[in-house]
Protein chains: 2
Amino acid sequence: MTTVPPPRRVAPTLEAVAAEAGVSRSTVSRVVNGSNQVSPDVEAAVHAAIERLHYIPNRAARSLANNQTMAIALVIPEDTTRFFGDPYFAAIVQGITRGLDESDYVLTLQVAQSHPREKTMRYLAGGNVDGAFVVSHHSGDLFPGSLASSMPVVYGGRPLRPDDPPAYFVDVDNVAAAERGTQYLINKGRTRIATVAGPPDMPAGLDRAAGWSAAMAAAGLSTERIAYGDFSLASGARAMRELLDRFPDLDSVFVASDLMATGAIQVLLERGLSVPGDVAVMGFDDSPAATSGTIQLTTVHQPSEAVGAEMARMMLALLRGEPVEHRRIMETHIVERDSA
Amino acid sequence: MTTVPPPRRVAPTLEAVAAEAGVSRSTVSRVVNGSNQVSPDVEAAVHAAIERLHYIPNRAARSLANNQTMAIALVIPEDTTRFFGDPYFAAIVQGITRGLDESDYVLTLQVAQSHPREKTMRYLAGGNVDGAFVVSHHSGDLFPGSLASSMPVVYGGRPLRPDDPPAYFVDVDNVAAAERGTQYLINKGRTRIATVAGPPDMPAGLDRAAGWSAAMAAAGLSTERIAYGDFSLASGARAMRELLDRFPDLDSVFVASDLMATGAIQVLLERGLSVPGDVAVMGFDDSPAATSGTIQLTTVHQPSEAVGAEMARMMLALLRGEPVEHRRIMETHIVERDSA
DNA sequence: TTGTAGGCGTTATCAG
DNA sequence: CTGATAACGCCTACAA
């Protein structure tokens, strides 16, 4: 049982440093902000004083004075558990924080669960951040363009809604990547290639299904063997069962995520089918899930953490007022392992 | 290619609202802060003005004036990917955000990767937050007591270091919970019960192993069948293999996390052993991982999200200056499913 | 019950 | 190159 001490801090201020160094506040402010208009000796003296007093600038005062919060929101429009259940997002967040490390910006977490999203909007609209990252399974269905007009917004993954006004985002070319993944299966001589697709209301789900479809069509193969999951392991298993029941003749499957692929493989083995012998399976992501199962996944690698880092870079540039291209597409490639 | 508009906001201020409502700033401030010293009609008028102008208080100004940041740090002393790879943490974060929802506090994410943790410390020491949540696999190995003396700190999970000064934390009784889980196996008639323990440098790993050990000893059973993992799925598989190699006679295994249990089961099945027939397996967590595999896990349930919510409640109380007990222990119970 | 006046710690504009 | 001197938007005695 203890009560916290009264809040008022006793941190040294600019003023104190100025006194200590025998100069004016303005001068201290200048050296703190790295102005080059200060004579070397004065600068040294100030630095010494700062050191001695352990001075750290007060963020609130700074914000108030120059109207910048030095904070960026990380908006997650859904349940954290679900969100982070997908290693892809964890990696993106990792990349974002890494990308912001060098800067003075701080990340504030905004979990906008369905209902109280109003609080989030008020927070953002209240000018409490200088920009926002939006990353989600259903990116774009939630954030009015009004937001983007008041501050830089960078999306992780292509927003679902039509591009008006054009949004900033970084993503991979899911269509092309899926096409290539499917082509790999075709090259291996597979012909009855099924797919476990992601939800049709998410860009990644949509695009990967489209890529599979395109590759199949181009090869003159049937595109009827399709089932949907929601990117979770369990849904992958479910979809695989459905596929097996409806198309017992399938000889391979292109799965839209490693997590789902893991579930699919479990079902395959459970039914006594060999992988890749009877059924080859191709994943997507190259997340930790790809190598944590019994069978190492052959999969389409996408640089998730790099996507996050790129988002950070984009945001920083936007914040500096530099011109920035709206979309940044990262490279993917196939990682050959044991499942196909 | 677009450049962002100049940053300066044009948000209405207290002043503007005052003018609009025909009162003074103080009065507006009072109604905004819910003072009861305002006559109903004036209050109504002010509210109307606020509504009309879409006024939102400026956080920086407020912070500056009353020396509170209304922000709480969420400190994660490690790789996000690894951190969120464990559903337990995702759930805790979920609980924290939920618990903070009603309040005006905001969460700032501090990923203190090994090296630049200094930045984090400076940030915290700089008075940029009013408190800090610390949640990690290795909680406690990193944060000097100095931090706790300058602001409320609430840990998720018992800190590893001796309790001086006593830290605030919420956790479950891992020893007792593990004991009960092991006892369940004993009650089922198992006798050669192995364990896949967590890392010995984490409280949860330590305590659960101790619980298993205690239950075994109390029943006069051998405590030699032990292997260690790091709470990841892959490590669970690895440990299970080791166990099988060293103790081919084992008839069950108490695993310190569902994720590891999932890996263990994969290995068991792979080796042609039936679960729970040949080997019963008991998990720990009751996370989504418990029900996402082929075999539904019997496991020790711990209320992860509630832990987070409780952390938030504790923090809020601390921030209000209310007396708060240092440790809050949440209940666990066994969930019977198919693996044991 | 309401208004006045300072101050919170910085930055920015202008003289010197 | 350096130092006054206003803001920045809000809170809070103190007065009225």
Side-chain angles (χ1 to χ4, degrees), chain A residues 6-47 49-50 53-71 104 125-130, chain B residues 6-47 49-50 53-71 104 125-130:
Chain A
R8 180 148 291 280
R9 277 197 310 140
V10 282
T13 70
L14 250 199
E15 184 89 50
V17 177
E20 174 81 9
V23 297
S24 73
R25 287 179 305 177
S26 321
T27 299
V28 178
S29 176
R30 288 193 190 93
V31 348
V32 168
N33 294 294
S35 162
N36 50 346
Q37 312 253 101
V38 190
S39 68
D41 45 333
V42 180
E43 178 169 349
V46 172
H47 271 131
I50 288 179
L53 268 38
H54 298 303
Y55 169 74
I56 300 180
N58 179 310
R59 228 168 161 101
R62 220 179 246 210
S63 291
L64 186 56
N66 66 12
N67 203 40
Q68 290 190 191
T69 64
M70 298 311 278
D104 284 326
N128 300 112
V129 293
D130 297 335
Chain B
R8 180 148 291 281
R9 279 197 310 140
V10 282
T13 70
L14 251 199
E15 182 89 50
V17 177
E20 174 82 10
V23 298
S24 75
R25 286 180 306 176
S26 334
T27 300
V28 178
S29 176
R30 289 192 190 94
V31 349
V32 167
N33 294 295
S35 161
N36 51 346
Q37 313 253 101
V38 189
S39 69
D41 46 333
V42 182
E43 178 169 348
V46 172
H47 271 131
I50 288 179
L53 267 39
H54 298 304
Y55 169 73
I56 300 180
N58 179 308
R59 228 171 162 97
R62 214 178 248 206
S63 291
L64 187 55
N66 63 14
N67 202 41
Q68 290 190 186
T69 64
M70 297 311 278
D104 284 326
N128 299 112
V129 293
D130 297 335

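In this structure, the CG atom of A:Leu64 is 17 Å from the P atom of C:dG7, given to the nearest Å. Rounded to whole Å, atom C1' of D:dC11 lies 10 Å from atom CZ of B:Arg62. If you take OH of B:Tyr55 and C1' of D:dG9, they are 7 Å apart, rounded to a whole angstrom. Rounded to whole Å, the distance from CG on A:Asp104 to P on C:dT10 is 15 Å. The interatomic distance linking A:Asn67 (CG) with C:dG9 (C1') rounds to 16 Å, in whole Å.
Between C:dC8 and A:Asn58, no contact under 4.0 Å exists linking OP1 or OP2 to a side-chain N or O. An OP1 or OP2 oxygen of C:dT10 is reached within less than 4.0 angstrom by no side-chain nitrogen or oxygen of A:Ser29. Put simply, A:Asn66 has no side-chain N or O that comes within less than 4.0 Å of OP1 or OP2 on C:dA12. Taking only side-chain nitrogens and oxygens, B:Ser39 comes nearer than 4.0 Å to OP1 or OP2 of C:dT2.
Residues passing the salt bridge (Lys or Arg N to Asp or Glu O under 4.0 Å) test with B:Glu20 are B:Arg52, sequence neighbours excluded. Taking B:Asp104 as the reference, B:Met70 meet the side-chain contact (heavy atoms from CB on, under 4.5 Å) condition, with sequence neighbours excluded. Partners of A:Ala19 under the side-chain contact (heavy atoms from CB on, under 4.5 Å) rule, at least two apart in sequence or in another chain, do not exist in this structure. With sequence neighbours left out, the side chain to side chain donor-acceptor pair (under 3.5 Å) criterion links A:Ser35 to no other residue. Under the rule for a side-chain contact (heavy atoms from CB on, under 4.5 Å), the partners of A:Ala61 that lie at least two apart in sequence or sit in another chain are A:Asn58, B:Leu64. In terms of the side-chain contact (heavy atoms from CB on, under 4.5 Å) criterion, residue partners of A:Ala18 (sequence neighbours excluded) are, by chain and number, A:Arg25, A:Val28. Shown here are the side chain to side chain donor-acceptor pair (under 3.5 Å) partners of A:Ser63, two or more places apart in sequence or in another chain: there are none. Partners of B:Asp130 by side chain to side chain donor-acceptor pair (under 3.5 Å), not counting sequence neighbours, listed by chain and number: B:Thr69.
Positionally, the nearest nucleotide of DNA chain D for A:Asn36 lies more toward the 5' end than for the other of A:Asn36 and A:Ser26.
DNA chain D is contacted by A:Val23, A:Ser24, A:Arg25 of residues 14-25 of chain A, taking any non-hydrogen atom closer than 4.0 Å.
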Can you give me the N/O atom pairs linking the protein to nucleotides 14-16 of chain D at distances under 3.5 Å, or say none if there are none?
none

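Note that the two end axes of the helix from C:dT1-D:dA16 to C:dG16-D:dC1 enclose an angle of 40°, each drawn from 5 base pairs, rounded to 10 degrees.
Residue contacts for A:Val42: at a heavy-atom cut-off of 4.0 Å it reaches the sugar-phosphate backbone alone, with no base atom in range.
Contacts classified as salt bridge (charged side-chain N to carboxylate O under 4.0 Å, His left out) and involving residues 29-46 of chain B (residues at least two apart or in different chains) are not found.
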